[in-house]
There are 2 protein chains.
Amino acid sequence: MIESTEGNGHNHKILRLPTIKRLPTYLHILKRLQAEGEEYVSTTALINELDFKPILVRKDLVLMGIPGKPRTGYCLKDIIQAIEKFLGWNNVDEAFLIGTGALGSALLGHKPFEENGLKIVAGFDIDPERVGKVIHGKKIFHLSKLKELAHRMGVKVGIITVPWQSAQEVADVLIEAGIVGIWNFSMLKLKTPPEVVCHNENLSGGLAVFSVKLQQRRENLL
Amino acid sequence: MIESTEGNGHNHKILRLPTIKRLPTYLHILKRLQAEGEEYVSTTALINELDFKPILVRKDLVLMGIPGKPRTGYCLKDIIQAIEKFLGWNNVDEAFLIGTGALGSALLGHKPFEENGLKIVAGFDIDPERVGKVIHGKKIFHLSKLKELAHRMGVKVGIITVPWQSAQEVADVLIEAGIVGIWNFSMLKLKTPPEVVCHNENLSGGLAVFSVKLQQRRENLL
DNA sequence: TTATTATGGGGAAATATTTATCTTTTCCCC
DNA sequence: GGGGAAAAGATAAATATTTCCCCATAATAA
């Protein structure tokens, strides 16, 4: 479904969505181990810090194209670099964020984004109360300024954190401004032209799973 | 994997994780249609607002145990009620949130939680700068007060939004306080006793998928 | 040097999930 | 009423994802 066209130069392995979602978790642990002074790591060691089965980890890491040494494991430096390259987290995309409510403000100050290839450079809103303010070091502009600023700064990515009622409207502004990728946190499915990459984040899905688990726990106690 | 022990009273259908994650999306659209004055909805109509295939929606809705009428669709009131009941979103759990940084503050003010069965009643932190403040209408206490307050208020759910370095420490406090469910937003896999429900949210998974999509879009342009 | 063992690697089996096909039901129009 | 169409329902097929099994390799120890 999602094919990595390169890796170590000659492998054309297929990476699937579940694998991609697991990669940041691996990356986090690998970096921790590296910070602790380790040079190599085996999947069996990784598993201590994870919920997944060992074989799954090995399968995932194989796809990164980095050979592991029997009895030793993977070279931390190499595997970390490979994952970061695959995710594109080695070079940074600049992004605009639209909608500076509770969620938007949080994302403006969310450190991991900058460390992981996505730097939010400005916020946008239409509420006069918010326009002109600075949140987590980022200035908030009026939405009407977006197109001009996008061109001037060469920003190609937009993050939508407005309520669903205005999400499509904001998306249209972004498309008009020549944005190439949209990360959509609203509950609305956006209508976008095929050349624009649009990724919908489903925050309530997590709450749903948690709620069901809680409920079952309760029922099992009876 | 996850079995609904009731529904309309006599069905014992199996609900799987992907289905559960899609339910809030359906619910959102269904409520919108209801607000617009509709009484019935067909899956084909639902699909206009969704990314999924029609058959998948029908499969999911069948599991709710509400019969649909051919040529008409599902009764909005009934199907909404069935989904909310399944998710446990018809009765509210009170929760504590620990860690009032950017992410934690956002969740304190995140409206959809209250509407969907999870009411955050207080925040906790150890930073003297934050303790005593009020964020989005919720008071912030020192972590050392958690156990006593949990018992006094009968709170049984905890949300962890601290950095991974202190996540296990916080989890231990929650367990000690008799909490039954933990929603963990940190990058650390928590060690918890089997009777405590622990759900790990993986926010960076979404960023990973978005990053890969963006990269592929770029490569396809060359 | 040689035996042992922990590990990675590849392919096959098992499981989970989605999609397709066909049947049945009910409404609507004539 | 009767025929047609739109939609749900059930069953089967296809696809995606995870897990298992066995082999090869290299570090370690005898």
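We name chains A, B, ... by the order of the sequence lines, and we start the count at 1 in each one. Everything quoted here is computed from the prediction, not taken from an experiment. When reading the values below, keep in mind they use all heavy atoms of this one structure, side chains included, and skip hydrogens, waters and symmetry mates.
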Enumerate, atom names and distances included, each donor-acceptor pair closer than 3.5 Å involving a side-chain atom of residues 95-102 of chain A, sequence neighbours excluded.
residue, atom, partner, partner atom, Å
A:Thr100, OG1, A:Asp125, OD2, 2.6

Once you round it to whole Å, what is the distance between [atom2] of [N] and [atom1] of [X]?
X: A:Leu63; N: C:dG10; atom1: CG; atom2: C1'; answer: 12 Å
X: B:Tyr74; N: D:dA6; atom1: OH; atom2: C1'; answer: 13 Å
X: A:Lys21; N: D:dA16; atom1: NZ; atom2: C1'; answer: 13 Å
X: A:Asp78; N: C:dG8; atom1: CG; atom2: P; answer: 14 Å
X: B:Ile20; N: C:dT17; atom1: CD1; atom2: P; answer: 10 Å
X: A:Leu61; N: C:dG10; atom1: CG; atom2: P; answer: 13 Å

List, one per line, each side-chain donor-acceptor pair under 3.5 Å for residues 162-179 of chain B, sequence neighbours excluded.
residue, atom, partner, partner atom, Å
B:Trp164, NE1, A:His28, NE2, 3.3
B:Gln168, OE1, B:Lys191, N, 2.8
B:Gln168, NE2, B:Asp172, OD1, 2.9
B:Gln168, NE2, B:Lys191, O, 3.2
B:Glu176, OE2, B:Lys147, NZ, 2.7

- Would you please name every residue forming a side-chain hydrogen bond (donor to acceptor under 3.5 Å, both in side chains) with A:Arg218, sequence neighbours left out? B:Asp93
- Message: Taking B:Leu188's backbone N and O only, do any of them form a donor-acceptor pair with B:Asn184's side chain (distance below 3.5 Å, no angle check)?
- Response: yes
- Message: Run A:Val212 and B:Phe86 through side-chain contact (heavy atoms from CB on, under 4.5 Å) and show every step you take.
- Response: CA-CA 7 Å; A:Val212 171; B:Phe86 176 80; 3.7 Å; yes
- Item | Sorted by number, the residues of residues 27-49 of chain B with heavy-atom contact under 4.0 Å to DNA chain C | none
- Item | Any strand: nucleotide that pairs with C:dA20 via Watson-Crick or wobble, under 3.5 Å | D:dT11
- What string of B, S and - do you get for nucleotides 18-30 of chain D, 5' to 3', when a contact is any protein heavy atom under 4.0 Å? BBB----BBBS--
- When you check the gap from the basic side-chain N to the acidic O, do A:Lys31 and A:Glu84 get nearer than 4.0 Å? yes
- Message: One thing to verify: whether B:Glu49 and B:Arg32 come together as a salt bridge, which I'm taking to mean a side-chain N less than 4.0 angstrom from a carboxylate O.
- Response: yes
- Item | salt bridge (Lys or Arg N to Asp or Glu O under 4.0 Å) partners for B:Lys138, two or more places apart | B:Glu114
